[in-house]
Every structure is written in C-alpha cells, then in structure tokens.
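These notes are about the structure you will find just below.
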Amino acid sequence: QKEVEQDPGPLSVPEGAIVSLNCTYSNSAFQYFMWYRQYSRKGPELLMYTYSSGNKEDGRFTAQVDKSSKYISLFIRDSQPSDSATYLCAPRGYSGGYQKVTFGTGTKLQVIP
Amino acid sequence: KAGVTQTPRYLIKTRGQQVTLSCSPISGHRSVSWYQQTPGQGLQFLFEYFSETQRNKGNFPGRFSGRQFSNSRSEMNVSTLELGDSALYLCASERGVSNTGELFFGEGSRLTVL
C-alpha cells in the first residue's frame, strides 16, 4: 500500500464548477500538508499548505486536512480554464527516520470553457 | 531571482548507456532533491543532497547516483540504462532549514531510453 493515495482522474468539469480533489495517507507522522500544481511540460509549484488538521483558504482555493481520518482535500471554487493542470497532494513529515515529502500520483483536472 | 535550471531538457539514449543530468538550484538554496516522474508511479523520490552530503535516499537501485558541488549545483547519473528508466527527472531546491519544506522545481529533463 502506498503512503499517499490519490485518484489520478482525469477529472473534467465545466467552467465555474466547484472542484474537490482528495488524498488519503497512512503515515501518522505527517504534519505539513501541501498541494502542488503542475502545468503540462512544467515542474510542480507549491499552491498552498496547511499545518496539522484544519482548513486554510487562499482566494478560490481551500485546503482541508482531517488527521483523524487521514484525509486531505483541496477545493477550487469558480473553477477557471487556467486551473487545468495536475494537482499533487504532498504531505511532509518523518518517514523512514528522516524528514521528507511524499507525493501522491496527482489528479489531472480539465476545466472546460 | 532565477529559478531552478535543469539541463538537458530532452535526451534520447539507448539501453546500456549512461546519462548525467544537471541541476542548478536557486541562489542561496543548499538542498537539492531529485525525483523521477512517470505516468503510472507519479513523483518518486530519488535522493536529497544538502551541503554536498547525501541526506536522504529513496528506494532506487545503485545505478542511480548523484552528487552535489560546493556551489550547490547537483548532478545525477544513471548507468546501464533500462527501458523503464524513461521518465521525467525533476530537480527541486529548498533552503534546507525549514520544516515546511517548500520545494522549488525545475522544468525537468525528459529521458527516453530506446
């Protein structure tokens, strides 16, 4: 079983829709929960992160972490064609004796105008 | 501020050959990590270097190696290439002292093994 599981999609939604992207994880030591966005032919870039459980909002994006169920979510409101990308959840914490970040496989999102 | 630079961007090799990829991190960043990205497996951690020392290592065979120079630039090498090594190799840098660990990625080196 992978430490981080993420539905690969692809997910196709109309412009303006609310998008929900999710991950589950198994390592209780994860403390920081990051979301990276990767456009085609580019490297990933950090979108936002949360520390421990709770919500964090940044514009149209909301990150949510429930450590009790080991569930990570990213919500995108009023989705735009420019949001079309692959979204990778990336929890970070001690794993195998050292601090590291573990990436999900990514969910490919397409927002149709 | 210049971003992370990876060279070459694209390369084609044949089985059995070796390849060296280069990464120049953001100025002031002392940590460089390497990842292999494939459609089926996603981003898999290869290794991390901090101040010229390998700090962490992923679960890859010994054919994959790396090093970091005193100016923080890093190289990774793959010897005796196999078809399954075809992937996008991403380099990421960070300052190396933050728990949040925001990684700054380059655009990657896309390796095709024939």
Side-chain angles (χ1 to χ4, degrees), chain A residues 1-10 21-25 27 29-52 54 56 58 63 65 72 85-108, chain B residues 1-10 21 23-26 29-50 53-60 87-111:
Chain A
Q1 183 190 8
K2 290 185 177 181
E3 274 191 301
V4 181
E5 299 277 0
Q6 184 175 8
D7 186 339
L21 305 170
N22 308 293
C23 290
T24 59
Y25 65 94
N27 188 344
F30 289 144
Q31 294 180 299
Y32 293 89
F33 300 88
M34 298 162 169
W35 284 94
Y36 283 80
R37 177 174 61 192
Q38 184 175 20
Y39 290 112
S40 181
R41 300 186 184 281
K42 298 288 187 182
E45 57 179 357
L46 182 67
L47 184 61
M48 60 190 302
Y49 74 90
T50 57
Y51 173 70
S52 194
K56 185 174 183 179
D58 184 1
V65 176
I72 312 167
T86 297
Y87 291 81
L88 303 118
C89 63
R92 180 181 174 103
Y94 281 95
S95 178
Y98 51 84
Q99 185 84 226
K100 73 169 190 179
V101 59
T102 303
F103 285 88
T105 51
T107 301
K108 188 170 185 177
Chain B
K1 197 176 193 180
V4 178
T5 303
Q6 290 188 247
T7 57
R9 290 290 314 280
Y10 302 91
L21 309 177
C23 173
S24 293
I26 291 172
H29 285 194
R30 296 162 63 188
S31 169
V32 173
S33 299
W34 288 90
Y35 292 83
Q36 181 194 67
Q37 187 174 35
T38 56
Q41 298 297 316
L43 269 165
Q44 294 190 87
F45 174 72
L46 281 155
F47 27 66
E48 180 203 1
Y49 288 87
F50 180 81
T53 301
Q54 186 180 87
R55 188 158 69 170
N56 299 317
K57 189 177 187 303
N59 192 25
F60 276 80
L88 180 67
Y89 290 88
L90 289 160
C91 165
S93 76
E94 63 173 303
R95 283 181 294 174
V97 295
S98 166
N99 278 333
T100 57
E102 178 180 358
L103 297 172
F104 295 83
F105 284 88
E107 295 194 324
S109 294
R110 184 165 296 280
L111 170 65

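Per chain, numbering begins at 1; letters A, B, ... match sequence-line order. Source: prediction; values computed, not measured.
Taking each heavy atom of B:Tyr10 and A:Arg41 in turn, the nearest pair found is OH-NH1, 3.9 Å.
By the side chain to side chain donor-acceptor pair (under 3.5 Å) test, A:Gln38 is found to be paired with B:Gln37, residues two or more places apart in sequence or in another chain being considered. For B:Trp34, the side chain to side chain donor-acceptor pair (under 3.5 Å) criterion is met by B:Ser74, not counting sequence neighbours.
In this structure, A:Lys56 places its NZ atom where more than 12 heavy-atom neighbours from other residues, nucleotides or ligands lie under 6.0 Å away. Shown here is A:Lys42, whose NZ atom has no more than 12 heavy atoms of other residues, nucleotides or ligands within 6.0 Å.
With a threshold of 4.5 angstrom between heavy atoms, B:Tyr35 approaches chain A through side-chain atoms but not through N, CA, C or O. Within the 4.5 angstrom heavy-atom criterion, atoms from both the backbone and the side chain of B:Leu103 approach chain A.
The closest side-chain heavy-atom distance from B:Leu90 to A:Pro44 is below 4.5 Å.
To the nearest 0.5 angstrom, A:Lys2 atom NZ is 4.5 Å from B:Gln41 atom CD.
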